[in-house]
Amino acid sequence: MNIRFINSALFLLIGAFSASLKAEWYSDSAGIMGTNIYVEVWAETPVQGELALRTVMAEMERINQLMSPYIDTSELSVINAKAGQQPVVISDEMFELIDKSVKISKLTKGAFDITFASVGYMYNYKQSERPDEAMIASLLDAINYKHIKLNTENKTVAFTHKKVKIDLGGIAKGHAVDNSISLLQRMGIMHGLVTAGGDTRLIGDRRGKPWIVGIRDPRNKDKQAVVMPLQDSAMSTSGDYERYFEEDGKRYHHILSPKTGKSTYDVQSVSIIGPSSTFNDALSTAVFVMGLREGLGMINRIDGYDAVVMDNQRKMHYSTGLQQ
Ligand code: ADP
Ligand code: MG
């Protein structure tokens, strides 16, 4: 055997050995989908760790390109431009997410409704702009999930009212988190966390201890109202602080009642804990609109889901599953 071969074999061996010792936490954050993305994984090697982080960020970006209302070429924008006139052929992924949204509209008696955007797009929170009463009145008819017609055979969507617009802001981040978690699980990740804004899902625990997921104080971004120890679960929070402006002491925020086209004020924050980020995301928005009594009542009737609500007097309320 020549000496060079032995040398390189030894080098490889040492390399493999030290790589296997490199099992550790890897994390990354980025601004995508108009929100903060955070990923943390326990990986066996730097290669696995880096690949996991990059895979999640790429998935977030892919969904942003598909579902952003701010990108003219997104599938969502194309649907909004055309589905009021004719059926539009859409991707399986978009079809399934719209279908889920409609089912959640039925479950929540219309509190969650992606056609809220028919009026919702008239708000610009960054510019402190809102529609006046006449504008809201002229568009309010267009808010109704029953205007959405999905054709399973042709994989098309059409709107039966010309002024309907849809927006997936109340469910797309949860969907993106669920997809990311599946990708990580397929890579063999056993301990991990993915967060997109208020939507978090976990794989396993934090190696011997639970993950600690915070619910922020709606009136103080540096303070947590509650922290939840969780593992192998997910939690989404909707609050009146994510996007809003104030006018004459009134807070105009981004969660709108489909009945009025205006912000709702019964609660300040809703967190839903359950296995699916997609459902948590949509249900947190729905409970925010439904308000404390009706919203908590609904969650108490859904198996496997729990809620933490802060009402407009800043009092905390918990679903029956969290009260032991
Ligand atoms: P975020 O993490 O942005 O706070 P939420 O889960 O709280 O997300 O959802 C708020 C978003 O949901 C809004 O920005 C808007 O895009 C959308 N939305 C607002 N009202 C409704 C509604 N009644 N039904 C469905 N989606 C809604
Ligand atoms: Mg939500």
Side-chain angles (χ1 to χ4, degrees), residues 31-38 60 63-64 67-70 74 76 80 97-98 100-126 130 136 140 142-145 147-148 164-178 194-201 213 215-216 218 221 234-245 251-272 274 276-291 294-295 307 309-310:
I32 309 173
M33 297 197 286
T35 196
N36 211 42
I37 310 293
Y38 180 70
M60 295 289 174
I63 291 175
N64 187 46
M67 300 185 179
S68 171
Y70 305 109
S74 73
L76 180 92
N80 277 335
L97 200 59
I98 296 176
K100 261 184 204 162
S101 298
V102 170
K103 286 183 174 136
I104 295 168
S105 295
K106 289 176 186 157
L107 176 73
T108 62
K109 302 208 172 71
F112 181 85
D113 188 333
I114 58 174
T115 68
F116 84 94
S118 313
V119 173
Y121 284 149
M122 297 293 133
Y123 288 84
N124 186 330
Y125 300 96
K126 277 196 187 131
R130 62 188 173 91
I136 292 176
L140 205 53
I143 303 184
N144 192 336
Y145 64 90
H147 292 318
I148 302 173
V164 172
K165 303 283 178 222
I166 59 168
D167 182 82
L168 298 169
I171 193 167
K173 273 174 274 161
H175 169 69
V177 169
D178 278 338
V194 178
T195 292
D199 303 295
T200 297
R201 187 167 159 187
V213 185
I215 301 174
R216 76 157 255 204
K221 70 171 163 40
M235 180 169 90
S236 290
T237 300
S238 289
D240 62 6
Y241 48 83
E242 288 281 359
R243 284 195 188 94
Y244 73 96
F245 62 92
R251 178 179 287 246
Y252 294 91
H253 68 80
H254 68 147
I255 302 174
L256 303 179
S257 160
K259 282 192 195 127
T260 63
K262 296 176 184 173
S263 312
T264 63
Y265 297 99
D266 198 51
V267 301
Q268 292 185 359
S269 159
V270 174
S271 302
I272 304 291
S276 154
S277 269
T278 309
F279 279 100
N280 290 347
D281 190 7
L283 288 175
S284 68
T285 308
V287 170
F288 198 105
V289 170
M290 295 165 94
E294 200 193 336
V309 181
M310 185 190 271

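Just follow the structure's listing: the first ligand is 1, and inside any ligand the first atom is 1. Bear in mind that the values here come from a model prediction, so they are computed numbers and not experimental data.
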Original post:
Contact between Ala196 and ligand 1, counting heavy atoms under 4.0 Å?
Top reply: no
Original post:
Considering only heavy atoms, does Glu242 approach ligand 1 within less than 4.0 Å through its side chain, its backbone, both, or neither?
Top reply: side chain
Original post:
Is the side chain of Ser263 donor-acceptor paired with the backbone N or O of His253 at a distance under 3.5 Å, no angle test?
Top reply: yes
Subject >> Residue portion contacting ligand 1 (non-hydrogen atoms closer than 4.0 Å) for Ser257 >> reply: neither
Original post:
Under 4.0 Å from any heavy atom of Pro258, which atoms of ligand 1 are there?
Top reply: 23 (N)
Subject >> Side-chain donor/acceptor of Thr264 to backbone N/O of Leu256, under 3.5 Å >> reply: no
Original post:
Taking the minimum heavy-atom distance to atom 14 (O) of ligand 1, which of His253, Met33, His254 ranks first?
Top reply: His254
**OP:** Could you name the option among Lys173, Met290, Arg243 that has the heavy atom nearest to atom 3 (O) of ligand 1?
**Re:** Lys173
**OP:** Using a cut-off of 6.0 Å, state whether more than 12 heavy atoms not belonging to Glu242 lie near its atom CD.
**Re:** yes
**OP:** May I ask whether Gly197 has any heavy atom positioned less than 4.0 angstrom from an atom of ligand 1?
**Re:** no
Original post:
Side chain or backbone of Thr285 under 4.0 Å from ligand 1, or both, or neither, by non-hydrogen atoms?
Top reply: side chain
Original post:
Any idea which atoms of ligand 1 are less than 4.0 Å away from a heavy-atom of Asp167?
Top reply: 16 (O)
**OP:** Show which atoms of ligand 1 fall inside a sub-4.0 Å distance from at least one heavy-atom site of Ser238.
**Re:** 5 (P), 6 (O), 7 (O)
Subject >> Exercise: identify the closest heavy-atom pair between Ile166 and Ala117 >> reply: C-CB, 3.7 Å
Original post:
Just wondering, do Asn80 and Tyr121 contact through their side chains at under 4.5 Å, heavy atoms?
Top reply: yes
**OP:** Would you kindly specify which portion of Phe112 sits under 4.0 Å from ligand 1, judged on non-hydrogen atoms: side chain, backbone, both or neither?
**Re:** both
Original post:
Would you say the side-chain atoms of His147 pair up with the backbone N or O of Lys165, donor to acceptor, closer than 3.5 Å?
Top reply: no
Original post:
Mind checking whether Tyr125 and Phe245 have parallel, tilted or perpendicular rings, split at 30° and 60°?
Top reply: tilted
